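Accompanying notes for the structure given below.
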Amino acid sequence: MTESAGQPAYFAGMDATGSKAADSALQILETTRPFRSAADSDLAVLDIGCGYGYTAVALARRCRSVVAIEPSRDLYNLARSVVADSVLLNIDLRPAGIEDIKERAAFDLVILDNVLEHIADQAGALKIIADSMRPAGVLYLLVPNKLWPLEAHYGLPFLSYLPLSWANRYLRLTRRGTDYRDAGYAPTYGRLIRLLRDAGLDAHFVVPADLSLTVEGSALHYRIGAAVLRRAPWLWRFAKGFLVIATKCHR
């Protein structure tokens, strides 16, 4: 149900390496803090599509426990070394996808960082995620906008606008790839809201809590863009990507 692939350098998203992993973990915690009641040190975390595992390790240094899942066997094997080198005992690393999550009402914080666009059955995945969250739990969701003109993974103009067969031809013609199904499920603003609502989740579109911790935080255009989104949230429809904190509906 889920597959890891190339990830765009957008917001603080990416399974960062080295010192960047600490920044990524801190950004996740700071950005979700206004939406949750549990302290960082009390959090039970689920990191979906953990990649190399660096961010999961950084989170485990600050949180009570981390379950990290990675469906790619190659990435999982690399993550095993990263987790082993950390000598932390509060990380449960699994070679698994979303469909393998069996916990119910178990996690205070779920992370879906540049993963949703790789999932064909997004409705089913988000339902499983919602079921895994505690009543006061939160989902940290980072995903590209399907309608952003420059596609996030391959850097090709309007690639995400095309039907799959045309997109595959475009990839082969430009020699950037062969099959867009690995990253071709980025949602629009409206579709993302509907997907979350149908899973029983409310969407809160936010900018990162600390821009200095993000990949592009020092860029003037990035800081201006964040300021504009804070003042005019309706402009999220046209953003490069979406950073959403999703909470369980209590209606």
Side-chain angles (χ1 to χ4, degrees), residues 1-4 10-13 24-25 27-40 42-50 55-56 59 63 65-69 71 96-147 185-209 229-230 233-237 239-251:
M1 181 179 290
T2 179
E3 178 182 350
S4 291
Y10 176 67
F11 283 138
S24 181
Q27 184 70 267
I28 291 168
L29 295 174
E30 290 191 359
T31 304
T32 59
R33 194 169 292 127
F35 299 90
R36 53 180 169 84
S37 56
D40 295 356
D42 293 331
L43 293 175
V45 179
L46 173 61
D47 186 4
I48 298 173
C50 69
T55 300
L59 285 164
C63 302
S65 63
V66 175
V67 172
I69 66 173
I98 291 177
E99 67 275 11
D100 301 308
I101 299 170
K102 305 305 180 188
E103 289 90 344
R104 295 294 178 266
F107 299 105
D108 304 292
L109 171 60
V110 179
I111 299 165
L112 201 63
D113 187 343
N114 286 303
V115 172
L116 187 65
E117 69 271 24
H118 305 296
I119 301 173
D121 182 12
Q122 294 176 334
L126 289 171
K127 180 63 168 62
I128 292 172
I129 289 170
D131 288 345
S132 78
M133 294 164 57
R134 289 179 176 157
V138 300
L139 167 64
Y140 177 96
L141 170 61
L142 183 64
V143 65
N145 182 356
K146 178 181 177 67
L147 298 182
Y185 304 104
T188 62
Y189 175 88
R191 174 167 170 76
L192 181 57
I193 291 176
R194 290 191 296 272
L195 283 166
L196 291 168
R197 182 185 60 218
D198 291 346
L201 299 170
D202 285 325
H204 309 272
F205 288 77
V206 300
V207 300
L229 287 172
R230 287 192 184 101
W234 62 271
L235 287 173
W236 273 109
R237 292 165 176 80
K240 181 179 180 181
F242 308 123
L243 178 54
V244 174
I245 309 301
T247 57
K248 283 200 166 185
C249 300
H250 297 290
R251 293 192 282 268

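Keep in mind that what you see is a predicted model, and the values were worked out from it rather than measured.
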Go through the steps to decide whether Leu29 and Arg36 satisfy the test side-chain contact (heavy atoms from CB on, under 4.5 Å), and finish with yes or no. CA-CA 10 Å; Leu29 295 174; Arg36 53 180 169 84; 3.9 Å; yes
_Working for side-chain contact (heavy atoms from CB on, under 4.5 Å), residues Ile28 and Ile111_ = CA-CA 8 Å; Ile28 291 168; Ile111 299 165; 3.9 Å; yes
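Here OH of Tyr140 is found 11.0 Å from CG of Asp47. Values are rounded to the nearest 0.5 Å. Residue Asp121 holds its CG atom at 9.5 Å from CD1 of Ile98, rounded to the nearest 0.5 Å. Separation of atoms NE2 (His204) and CG (Leu196) is listed at 10.0 Å; rounding is to 0.5 Å. The structure places NZ of Lys102 at 6.0 Å from CG of Asp100, a figure rounded to the nearest 0.5 Å. Within the model, atoms CG of Asp202 and OG1 of Thr247 stand 4.5 Å from one another, a figure rounded to the nearest 0.5 Å. Interatomic distance, CG of Leu112 versus NE2 of His118, reported as 9.5 Å (0.5 Å rounding).
Listed here is the closest heavy atom pair of Leu142 and Glu117: O-OE1, 4.5 Å. Scanning both residues, Ala105 and Arg134, for their nearest heavy atoms gives O-CG, 3.2 Å. Counting all heavy atoms, side chain and backbone alike, Met133 lies closest to Gly137 at CE-O, 3.4 Å.
Gln122 contributes no side-chain N or O that, together with a main-chain N or O of Leu195, makes up a donor-acceptor pair within less than 3.5 Å. No donor-acceptor pair closer than 3.5 Å links the side chain of Thr55 to the backbone N or O of Ala25. In this structure, Arg104 contributes its side chain and Ser132 its backbone to no donor-acceptor pair below 3.5 Å. Proximity of a side-chain donor or acceptor of Lys248 to a complementary backbone N or O of Ala130 within less than 3.5 Å is detected.
Taking 4.5 Å as the limit, some side-chain heavy atom of Asn114 sits within range of a side-chain heavy atom of Pro144. Residues Asp108 and Asp42 form no side-chain contact, since every pair of their non-hydrogen atoms from C-beta on lies 4.5 Å or further apart.
A salt bridge links Asp131 with Lys127: the closest approach of a Lys/Arg side-chain nitrogen to an acidic carboxylate oxygen falls below 4.0 angstrom.
For the side-chain contact (heavy atoms from CB on, under 4.5 Å) criterion with Leu109, the lone passing option out of Leu139, Leu43, Leu46 is Leu43. Of the candidates Leu192, Ile245, Leu243, Leu141 forms a side-chain contact (heavy atoms from CB on, under 4.5 Å) with just one, namely Leu192.
Listed by chain and number, the residues in a side chain to side chain contact (heavy atoms under 4.5 Å, CB included) with Leu235 are Val228, Leu229, Ala232, Phe238 (sequence neighbours excluded). Under the ring-ring contact (aromatic ring centres under 6.0 Å, His included) criterion, Phe205 pairs with Tyr189, Trp236, Phe242, sequence neighbours left out.
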